[in-house]
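Reading through the structure tokens given below for one structure.
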Amino acid sequence: MIDLFNCSYQIHEKFLVKEISCSLAPNELVVVMGSNGAGKSTLLKLMSGLLKASSGEIFIDNKSIKKYQSTELALKRAVLSQHYEIAFPLTVKEIVLMGRYPYFKTNPSQRDESIVSTLMKDLGITDLAERKYHTLSGGEAQKVQMCRVLAQITGTDQMNKFLLLDEPVSHLDIKYQYLLLEIAKSMVNSYTAVVAVLHDINLALKFADKILFMKDGQIVHQHHKSDALNLSIIQHVFGVEATLIQVPNENRQWVCF
Amino acid sequence: MMVLLVIVLLASIAWGAVGISLNDMELALLHWSKGKEPGSIYESVFLQIRLPRVLLCCITGAILAVSGVLMQGLFRNPIVEPGLVGTSAGAALGASFVFVFASWFATEIQSIIGPFLVPIFAFAGALLSTFIVYQLSKSNSRVSLTSLLLVGVAINAVALSGTGFMTYLARDPQARSISFWNLGTFSGASWFQVEIVFLVALVVITIAIADAKKLNAFILGEEEASYLGIDTKRLKRKILVINTAMVAIATSFVGVIAFMGLIVPHVMRLLVGSDHRKLIPASIFGGAILLLIADMGARLLLAPAEIPIGIITSLVGAPVYILLLKQHNFIDKRGGEHD
């Protein structure tokens with residue numbers, strides 16, 4: 001669905017992303033990992049169409065990303081950013097409803113409203129609906145933004161869609177980290193792919209179908225769910241010692257740093 | 001709000017150097033609609049002086065309020081108003097240029113575009129200064145409050161010194177028009193001005209309301225708005241141009257009226273929230289009502305003499321503004337550092 005060919009993005013002399021080629025298919029939850037400044041967010045912004053690649057090509061459904069109208073892209077992909085600064089006080093409901101902006105002209109339809117209220121229930125933020133966004137805690141705010149982003153790509157069936165999540169669980173407690181990733185996982189289907197930047201490798205191993213390890217703007221390793229874990233790559237990417245332990249009574253491994 | 005507007009409207013027609021009763025108004029409209037001459041001096045004061053003045057005041061108030069909403073939305077900042085970011089000062093410079101140099105223009109040109117000279121130059125000046133402020137205060141595609149205000153101060157100073165220079169060059173009557181203009185006054189209101197300002201307001205406010213949803217998305221951030229399918233570059237350019245057009249046209253007839261664009265959106269946000277689909281219509285009424293009250297003050301406080309309305313709005317506006325900031329912690333908990 002998304003194909004990157006030799007994509008680079010540079011500011012002045014510095015390459016933030018360097019000659020990346022990869023592809024993303026529906027039915028996949030892909031996690032991007034790497035240390036700070038490895039180019040993860042830049043990669044997501046290239047995929048979203050916000051940044052234009054300095055060289056190389058990006059295709060979405062075999063059509064160059066440059067040929068998409070921004071309104072067209074808005075129906076195909078949604079992006080959760082790392083930071084939000086809301087300029088004016090808005091209620092939670094108003095913010096979530098913005099996810100449906102690409103679908104209505106002035107007033108939301110019945111369908112828009114019902115999508116929003118279902119998603120708010122799923123994420124456990126129904127009670128926050130009338131609260132002002134800027135009074136929320138970090139974790140609550142993150143759930144609200146996630147809800148808005150999910151609303152943006154819900155309900156356009158029969159069309160390839162993708163969700164880009166830049167550190168979606170950074171402010172959440174353990175319960176909601178799992179809940180949010182489970183929701184992200186449940187979005188994945190034969191029309192939808194999800195790309196998420198995560199910092200917790202064990203969380204990544206639990207949910208990802210594929211993990212892209214980035215270092216210095218390049219993808220240095222792709223780990224597939226069924227592969228054996230390559231410990232030396234992990235040490236190389238994060239620059240710390242790591243060991244593997246077996247989780248008791250479960251067929252999975254745990255990475256200790 | 002509509003009811004309140006009508007009440008204030010009638011009150012500001014009735015009270016003035018010459019009192020006008022409801023009966024006079026009714027008679028005047030009756031005579032006018034039948035194409036007859038006004039029956040009394042009160043009727044002609046009403047038709048030729050009071051009514052155009054009050055209408056011009058309404059429309060200007062609405063324009064300034066909506067322009068405040070647009071500016072704040074565009075800069076993503078609740079304390080921006082046309083006066084702070086150079087729009088008004090630029091318009092003033094353009095206008096004073098015309099006051100002083102109008103005689104340089106060939107009389108043929110003057111006879112065609114004469115009445116439009118001030119608006120045109122005010123618009124050019126306003127657009128130029130706003131654009132410069134916007135560009136200079138932007139770093140990494142984000143406009144920070146601090147740099148915005150600092151650049152605004154600098155550009156305002158440049159424009160003011162330009163206006164000062166014009167005043168210096170000007171002969172006496174010209175200088176008087178400039179200084180009146182800088183303080184704002186509705187005393188010269190005519191039907192012609194009402195028509196022009198009304199047309200501009202109609203077009204521009206219609207566009208603004210059509211873009212209300214996009215401005216909402218802008219509250220989330222520029223990137224987020226573009227993820228929602230909004231062509232942010234185009235939106236910014238459009239808002240900047242229509243907003244400047246609005247302020248320039250309004251100010252070109254009545255001069256600089258400070259603080260309206262700041263206070264009205266603030267109050268309206270408290271009343272109806274930040275959703276631009278409600279905020280813009282509310283600000284239209286709020287702006288009209290507030291400026292009508294200010295104009296009544298301008299006419300009545302020192303009657304029969306008149307205070308320039310800009311003085312009233314500044315005197316009342318500045319403290320109210322500070323109070324608002326304190327009371328409602330409006331800028332939010334981060335202590336006002338908006339980036």
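Protein chains get the first letters and strands the later ones, always in sequence-line order, with residue 1 at the start of each.
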Nearest heavy-atom approach of B:A217 to B:L228 is CB-CD1, 4.0 Å
Ranked by heavy-atom pairs below 4.5 Å to chain B, first place among A:K45, A:Q145, A:E94, A:R77 goes to A:R77
Between A:S70, A:G99, A:G49, A:P102, which has the largest tally of heavy atom pairs under 4.5 Å with chain B? A:S70
According to salt bridge (Lys or Arg N to Asp or Glu O under 4.0 Å), does anything in residues 123-144 of chain A pair up with another residue at least two apart or in another chain? List the pairs. A:R131-A:E140
For atom NZ of A:K185, is the number of surrounding heavy atoms from other residues, nucleotides or ligands below 6.0 Å larger than 12? yes
Give every donor-acceptor pair under 3.5 Å between a side-chain atom in residues 200-215 of chain B and any protein atom, sequence neighbours left out.
residue: B:T206; atom: OG1; partner: B:L202; partner atom: O; Å: 2.4
residue: B:D211; atom: OD2; partner: B:K238; partner atom: NZ; Å: 2.9
residue: B:K213; atom: NZ; partner: A:Y101; partner atom: O; Å: 2.8
residue: B:K213; atom: NZ; partner: A:F104; partner atom: O; Å: 2.4
residue: B:K213; atom: NZ; partner: A:K105; partner atom: O; Å: 3.4

Salt bridge flag under 4.0 Å for residues B:K233 and B:E222: no
So, the part of A:Q69 with a heavy atom under 4.5 Å from chain B: the answer is neither
Which portion of A:I95 sits near chain B, non-hydrogen atoms under 4.5 angstrom: side chain
Residues of residues 50-64 of chain A with a heavy atom under 4.5 Å from any heavy atom of chain B, in residue-number order, are A:L50
Interatomic distance, A:M1 atom CE to A:K76 atom NZ [nearest 0.5 angstrom]: 7.5 Å
Taking side-chain contact (heavy atoms from CB on, under 4.5 Å) as the definition, give me every residue that meets it alongside A:N36, ordered by chain and number, with sequence neighbours left out. A:H199
Would you mind telling me which of B:I230, B:D231, B:N216 has the largest number of heavy-atom pairs within less than 4.5 Å of chain A? B:N216
Side chains of A:Q82 and A:S41: is there a donor and an acceptor less than 3.5 Å apart? yes
